[in-house]
Amino acid sequence: MTILNCEYVRDIYPDALHGRMDPELAQRVREHVALCDDCAAECALVAALYHHETPVPAGLHERVIAAATQPRRRALIRPAHLAMAATLAAALIGGAILIDTQQPVPGQPRQPTARRNVLHVGAVGVDATMMTGKTSLDDLSVEQLEKLLGEMES
Amino acid sequence: MNLQAAQLLEPTQDVAESDLLARARAGDGAALDLLVRRYLPEVHAITARLLNDRDLAQDAAQDALLNALNGLSRFRGDASFRTWLMRIAVNAARTVGRRKTRRREVSLEAAAERPADLPDAAALAGQKDDAARVAAVLEKLPEKQRMAVTLRTQHGLSYQEIAVVLDCSAGAARVNYHLGVKRLRELMK
């Protein structure tokens, strides 16, 4: 029977620990380790690592399941990403913001100024009352940005 | 045929797991739960080993499992599901680690402190638990050696499997493992 050398034993010792070794070979490895002090020292260190466990924090399993079962879009999209994407999309598709107010027609009375204004951001019309007092897309809520993004993508 | 050699020749995916993956792909909640229960300990152990920060390790473990569950359709079975998932865990930990560096959340004062996960030298000397002591010293190794040693000893991966997880050659995985163990022995003296 071939004698196992130290290099080979140290190379395959983790396989013996994890049960991924032919039983006869595993026995020969154990016999070598019992007779070789240097290999015994190294294998003891490897065995110590093998026995070390990192406990799973309490509640992590539940958090993963909760996140995995959420609707995928909400789980992945964050408000900062939405604001960034909406701002970039507005700039790329023409960025010109037109405030469409009814122009006075000659001979006809001017319409009350309280009527709704429509803001055109590219091809998307957004009720300007949503943006009353808002100076940039960053001021839009998450829901408003999601709606805007959805309209742009459709 | 040598058992170890046989295991290297074919994908290590048993029938029960393929059925579990199919059910998970179809949205079976019980299958998802079982997958998480089966692999969360290993995924968390890997992210904890890479990040050495309890909160970040949890974030990365969650990200890794979510990425895997959402991307089940991309798993082709070339390697075992376990190996594929570990690769995702390593990538998730690195992403979380880079995100932390960019945000510079750690103040200089906090950075000067030893992380809570690592005992100081005096505590190490007095520690009777050999496993915990060796694991603590393992943190001092460079990442490639640390991960090769961890994946080989604690997770039982072959060098070919380590190569898949760490995106390196099997030869490099073997070298890093043995260098890591040698360095550990020196640090433990």
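All values below were derived from every heavy atom in this structure, side-chain atoms included, with hydrogens, water molecules and symmetry-related copies excluded. Reminder, nothing fancy here: chain letters follow the sequence lines and each chain counts from 1.
No other option in A:Val56, A:Val46, A:Leu60 has as many heavy-atom pairs under 4.5 Å with chain B as A:Leu60. Counting heavy-atom pairs under 4.5 Å between each of B:His44, B:Arg185, B:Arg37, B:Gln154 and chain A puts B:Arg185 at the top. Ranked by non-hydrogen atom pairs under 4.5 Å with chain A, the options B:Lys182, B:His178, B:Met188 are led by B:His178. Contact count against chain A (heavy-atom pairs under 4.5 Å) is highest for B:Leu184 among B:Leu69, B:Leu184, B:Thr150, B:Leu32.
With B:Gln145 contributing its side chain and B:Pro142 its backbone, the two residues share no donor-acceptor pair below 3.5 Å. Under the 3.5 Å distance criterion, the side-chain polar atoms of B:Asp33 are left unmatched by any main-chain donor or acceptor of B:Gly29.
Cation-pi geometry between B:Arg152 and B:Tyr159 is met: the NZ or CZ atom falls under 6.0 Å from the ring centre, inside 45° of the normal.
A tilted orientation is assigned to the rings of B:Trp84 and B:Phe75, their planes being inclined by 30° to 60°.
For B:Leu65, the part lying under 4.5 angstrom from a heavy atom of chain A is the side chain only. Contact annotation for A:Leu17: neither backbone nor side-chain heavy atoms come within less than 4.5 Å of a heavy atom of chain B. For B:Ala45, the parts lying near chain A are the backbone and the side chain together; criterion is any non-hydrogen pair under 4.5 Å. Looking at B:Leu138, only its side chain comes within 4.5 Å of chain A, counting heavy atoms on both sides. Proximity to chain B involves both the backbone and the side chain of A:His52, based on heavy atoms less than 4.5 angstrom apart. Using a 4.5 Å cut-off between heavy atoms, B:Arg49 touches chain A through its side chain atoms alone. In this structure, the portion of B:Val149 lying under 4.5 Å from any heavy atom of chain A is its side chain and not its backbone.
Within a 6.0 Å sphere centred on CD of B:Glu186, other residues, nucleotides and ligands contribute more than 12 heavy atoms.
B:His155 and B:Glu42 form a side-chain donor-acceptor contact under 3.5 Å, judged by distance and modelled atom types alone. B:Gln62 and B:Gln58 share no donor-acceptor pair across their side chains, judged by distance under 3.5 Å alone.
Tracing side-chain contacts under 4.5 Å through hydrophobic residues (I, L, V, M, F, W, Y), one never reaches A:Ile12 starting from B:Val175; they form parts of separate clusters.
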